[in-house]
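All remarks here apply to the structure that follows.
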Amino acid sequence: MGPSLPMAEMLASRLGRPVHWTATTGSTNDDARRLAEAGAPSGTLVVADAQAAGRGRLGRAWYSPPGQNLYLSLVLRPGTRPEDTPLLCLAAGLGVAEALDLRVKWPNDVVDSSDRKVAGLLAEAEIQGLSVRYVVVGVGINVNQPSFPPEIPTAASLAMIRGSALDRWEILARVVPAMEARLTQVEDRRETVLAQWRQRSATLGRRVRAGGREGLALGLREDGALLLGLDGGAVEAILAGDVEPAPLR
Ligand code: BTN
């Protein structure tokens, strides 16, 4: 297990130093948390070939077979406020989408032009009082998985989209610096991150169901909340949950 290419690009940056490679683990997010608790520096990257207990958002499992996809987690010690954690995850997702030439779906998915999910992100912050001790950003990217079970018809891999297998390490070497570029803007160039996220969004401008409501996805608020225009004219900020296309009326 390990990269077959020199990852000069990735290693030249701050994120991805050091790298911990593992063959099979439970969850790279758990590994990254353990390393963070033991004092690992910001930028520490954990990559696994397979996960036995990969986690997704909202308590879901993240299917993580060996030899096909990318499962990675970054330890960040960002110096941002606890309430900025959703924005960090949006920024990281934007970086992933930019590196793969895909789109972002609120809150933390990366999708293709047919809205099929190619990657998902899960940020877990360790908060102490009013400050962030560390944040672990986990990313699962479907790279070479040939197909998905019928229960998840809205998933796809990069190989399914492009029609041929891709080198996972090349993808990793592209994705990590792209995430870094956006993550470093969260503190002092937040407007740029928000503007670029809006531009690359597969969510805004559509009628959706989110947070138990239905309406028009109007915008992305400063803190990363989704602004939903309800039918009566009110605008509601959705802070967490899933977004699905609203059924046709
Ligand atoms: C989601 O879309 O629900 C988020 C999925 C996040 C999956 C990644 S795989 C690497 C890291 N380790 C985990 O256990 N989860 C994240």
Side-chain angles (χ1 to χ4, degrees), residues 1 15-16 19-37 40 43-76 85-97 99-100 102-112 115-126 134-145 148-149 151-158 168-169 171-172 175-176 179 183 197 201-203 210-211 224 226 238-244:
M1 164 76 191
L15 285 194
V19 185
H20 294 256
W21 305 95
T22 65
T24 298
T25 190
S27 153
T28 55
N29 265 32
D30 290 342
D31 295 346
R33 289 181 78 102
R34 262 193 300 277
L35 289 164
E37 288 295 341
T44 299
L45 172 63
V46 182
V47 187
D49 182 48
Q51 299 183 117
R55 287 202 302 279
R57 284 189 314 111
L58 308 172
R60 296 184 190 123
W62 186 260
Y63 179 61
S64 310
Q68 297 181 354
N69 301 322
L70 275 171
Y71 317 110
L72 58 121
S73 298
L74 286 159
V75 174
L76 306 174
T85 306
L87 214 51
L88 283 174
C89 203
L90 285 179
L94 174 62
V96 173
L100 301 177
L102 295 170
R103 309 185 75 197
V104 283
K105 177 183 170 197
W106 191 90
N108 297 130
D109 291 351
V110 174
V111 298
D112 73 355
D115 287 333
R116 294 181 300 177
K117 178 163 170 171
V118 175
L121 289 90
L122 175 68
E124 297 176 318
E126 190 60 36
Y134 59 84
V135 179
V136 166
V137 176
V139 189
I141 306 175
N142 303 326
V143 181
N144 287 325
Q145 197 168 321
F148 289 82
E151 330 55 283
I152 32 177
T154 54
S157 65
L158 293 171
R168 282 188 289 168
W169 314 123
I171 302 291
L172 182 64
V175 158
V176 172
M179 288 168 75
L183 282 164
W197 192 98
S201 166
T203 306
L226 180 69
I238 310 290
L239 294 165
D242 279 331
V243 166
E244 296 309 332

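No experiment lies behind these values; they were computed from the predicted model shown. Order of listing sets the numbers, starting from 1, for every ligand and every atom in it. Numbering starts at 1 and runs along the sequence shown.
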Any side-chain heavy-atom pair from L70 and W169 closer than 4.5 angstrom?
yes

Mark yes when over 12 heavy atoms from residues, nucleotides or ligands other than Y63 sit less than 6.0 Å from its OH; otherwise mark no.
no

Under a 4.5 Å cut-off applied to non-hydrogen side-chain atoms, are D115 and K105 in contact?
no

Checking side-chain contact (heavy atoms from CB on, under 4.5 Å) against L158, which of N142, L102, D112, N144 comes through?
L102

What salt bridge (Lys or Arg N to Asp or Glu O under 4.0 Å) pairs are there with at least one residue in residues 57-67, not counting sequence neighbours?
R57-D242, R60-D242

Do NZ/NE/NH1/NH2 and the carboxylate oxygens of D31 and R34 come within less than 4.0 Å?
yes

Select all protein residues for which some heavy-atom-to-ligand 1 distance is less than 4.0 Å, and list them by chain and number.
S27, T28, N29, Q51, G54, R55, G56, R57, W62, Y71, L72, S73, D109, K117, G120, L121, L122, G138, V139, G140

